[in-house]
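Worksheet: the structure to be examined is printed underneath.
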Amino acid sequence: IDNWQEKLRNTAILWDGQVRMANLSVICSHSVNGVAALHTEILKRETLHDFYELMPEKFNNKTNGISPRRFLGNANPSLSALITSKIGDGWLADAAELSKLSVYYDDVDFLDAMSASKRENKVRLAKYVLEQTGVEIDPDSIYDVQVKRFHAYKRQLLNAFKILALYDRLKDDPYAKVPASTFVFAGKAAHSYAFAKESIRFVCAVADLVNADPVVSRRMKVVFMENFGVTMGQRIYPAADISEQISTAGKEASGTGCMKFMMNGAVTLGTLDGANVEILERVGAENISIFGLTSEETERFTTQGGYNARECAESDPVLARVLAHLTDGSLGSKFWDLEDALLKYNDEFFVLRDFAPYLAAWDALAGETGNLSFQRKALVNIAKSGWFSSDRAVAEYVSDIWKIR
């Protein structure tokens, strides 16, 4: 075997006084799978490459799935009733039947009924947000939502920077082209993860700044929902217009939030990461908004260098102004640790590199909401979401891995 010493080091269970638990798992398992197509390819190409070369037959893909009964049937009664009135209730047992909705692509009455259902869900969420946070949000605004665990690679920071850029735009010109928008965050941080906790504090500070401004708050509101869980999620997913799936490409194994939003008619704004790749394959490039670095590009920057975060920040006046908010006192306190992560330690998750394309993608997508084109995007997402059912995922495990039927 070529380079056998290197392969031994990379695949050993015991090395340098450590027990390599991942290596032990691969060796002792009869099957190794990723949970999204991109995740599986990264395992084979990078993370477990030596194992893949030694035993390629062990490796396979099983993309995650969600329950259509819980996250559409249960969570979204008005849309579920509309769907059933058109194609029957077979989709509850076989989510692939949602594809039958494709015939309504040009049916304006059906698209309007979908929009009415969405607004009903937005009114419901607005009432819940008011009860939980005291913040009044507009059901006729765009609901732009990022709900997931707080982590640096999931880049809630990038989303908050976008909001500050829009805030600055409106401060310069109260009549600037910014559609009425509500930005919803929810999620938890691991108890010892200081950066994630600081990110939550930052999002809350941005919310306070925006919501207290007498001019900007007429066009924008920001809410952080505490104690996020499945029950809260079932209120949020049906109300979303834009689904924020903006992790650093190559870092998200799969994600299931993207599927829950998709099944409820939200349009994904995201990177080519995790299950976003497979959503793109199913809905087509015109029905999803993709931006930013690819996983190959982030891997190349990480392993070979060539990325200068400070240079990136200094070359973009919009971004430079956003970054100034971190330490100029405008947010009520200063966020030196966040600034250090981006500028002193060279922005490991490429927040600054992806900022400009992200803001441009948001402007384009937000500008479409409320139009017939956006209604059609929402319909395509619902109709193509059936493949992401947990029924399909479990059936693949049963037949290909567990081999129990």
Side-chain angles (χ1 to χ4, degrees), residues 1-71 93-96 148-149 151 153-154 190 230 245 247-260 262-263 271-282 294-296 298-299 302-303 384-405:
I1 300 175
D2 293 337
N3 300 318
W4 68 267
Q5 296 98 333
E6 182 72 10
K7 289 188 184 297
L8 177 61
R9 186 179 72 83
N10 291 338
T11 59
I13 296 172
L14 301 175
W15 199 268
D16 287 340
Q18 295 181 325
V19 179
R20 306 265 189 82
M21 297 302 291
N23 290 359
L24 177 63
S25 297
V26 173
I27 290 167
C28 293
S29 299
H30 76 273
S31 178
V32 178
N33 71 277
V35 291
L38 178 64
H39 182 227
T40 301
E41 288 309 305
I42 290 173
L43 291 180
K44 293 192 294 187
R45 186 179 69 240
E46 299 165 18
T47 317
L48 299 174
H49 178 68
D50 289 301
F51 280 115
Y52 178 65
E53 284 196 330
L54 291 168
M55 36 190 155
E57 70 284 352
K58 273 194 179 186
F59 287 77
N60 63 96
N61 181 67
K62 297 289 173 281
T63 298
N64 279 343
I66 60 167
S67 167
R69 292 166 291 281
R70 174 177 290 278
F71 290 107
D94 180 6
K148 54 184 75 245
R149 179 169 51 93
H151 197 291
Y153 83 81
K154 293 179 183 286
V230 171
Q245 308 298 330
S247 54
T248 305
K251 297 297 183 182
E252 186 73 80
S254 171
T256 58
C258 55
M259 305 170 192
K260 295 163 190 171
M262 175 194 192
M263 195 170 276
T271 52
L272 276 175
D273 196 29
N276 292 353
V277 176
E278 288 157 277
I279 292 177
L280 170 63
E281 290 173 356
R282 280 159 180 81
T294 64
S295 59
E296 291 80 11
T298 60
E299 176 65 17
T302 300
T303 58
K384 299 294 185 180
S385 67
W387 189 83
F388 294 98
S389 169
S390 54
D391 298 341
R392 184 268 317 154
V394 171
E396 290 181 359
Y397 277 89
V398 166
S399 61
D400 300 345
I401 295 178
W402 304 331
K403 300 186 186 299
I404 55 179
R405 76 174 185 201

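Keep in mind the model is a prediction, meaning the values are calculated, not measured.
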Taking all non-hydrogen atoms of both residues into account, name the closest pair between [X] and [Y] and its distance.
X: R20; Y: R9; value: NH1-O, 2.9 Å
X: R70; Y: S67; value: N-OG, 3.2 Å
X: A275; Y: M259; value: CB-CE, 3.7 Å
X: T271; Y: S247; value: OG1-O, 2.6 Å

How long is the straight-line distance from [atom2] of [Y] back to [atom1] of [X], given to the nearest 0.5 Å?
X: I401; Y: H30; atom1: CD1; atom2: NE2; value: 6.5 Å
X: D400; Y: N60; atom1: CG; atom2: CG; value: 6.5 Å
X: T63; Y: E396; atom1: OG1; atom2: CD; value: 7.0 Å
X: E299; Y: T248; atom1: CD; atom2: OG1; value: 12.5 Å
X: E278; Y: S254; atom1: CD; atom2: OG; value: 7.0 Å
X: F59; Y: E53; atom1: CZ; atom2: CD; value: 10.5 Å

Atom [atom1] of [X] with >12 non-hydrogen neighbours under 6.0 angstrom:
X: K251; atom1: NZ; value: no
X: K148; atom1: NZ; value: yes
X: R45; atom1: CZ; value: yes

Between [X] (side chain only) and [Y] (backbone N and O only), is there a donor and an acceptor less than 3.5 Å apart?
X: K58; Y: S29; answer: yes
X: R392; Y: N64; answer: yes
X: T11; Y: F51; answer: no
X: N23; Y: A12; answer: yes
X: S390; Y: I66; answer: yes
X: D94; Y: A96; answer: yes
X: N276; Y: Q245; answer: yes
X: T298; Y: S295; answer: yes

Original post:
Is the closest side-chain heavy-atom distance between W15 and L8 below 4.5 Å?
Top reply: yes

Original post:
With respect to S385, which candidate in R282, M263, K260 satisfies the side-chain contact (heavy atoms from CB on, under 4.5 Å) definition?
Top reply: M263

**OP:** Given side chain to side chain contact (heavy atoms under 4.5 Å, CB included), test F388 with T256 step by step and report yes or no.
**Re:** CA-CA 9 Å; F388 294 98; T256 58; over 6 Å; no

Donor-acceptor pairs are to be reported for all side-chain atoms of residues 32-40 against protein atoms at under 3.5 Å, with residues two or more places apart or in another chain.
residue : atom : partner : partner atom : Å
N33     : ND2  : Y397    : OH           : 3.0
H39     : ND1  : V35     : N            : 3.0
T40     : OG1  : G34     : N            : 3.3
T40     : OG1  : A36     : O            : 3.2
T40     : OG1  : N61     : OD1          : 2.5

**OP:** Could you walk me through whether L24 and M21 pass the side chain to side chain contact (heavy atoms under 4.5 Å, CB included) test, one step at a time?
**Re:** CA-CA 5 Å; L24 177 63; M21 297 302 291; 4.2 Å; yes

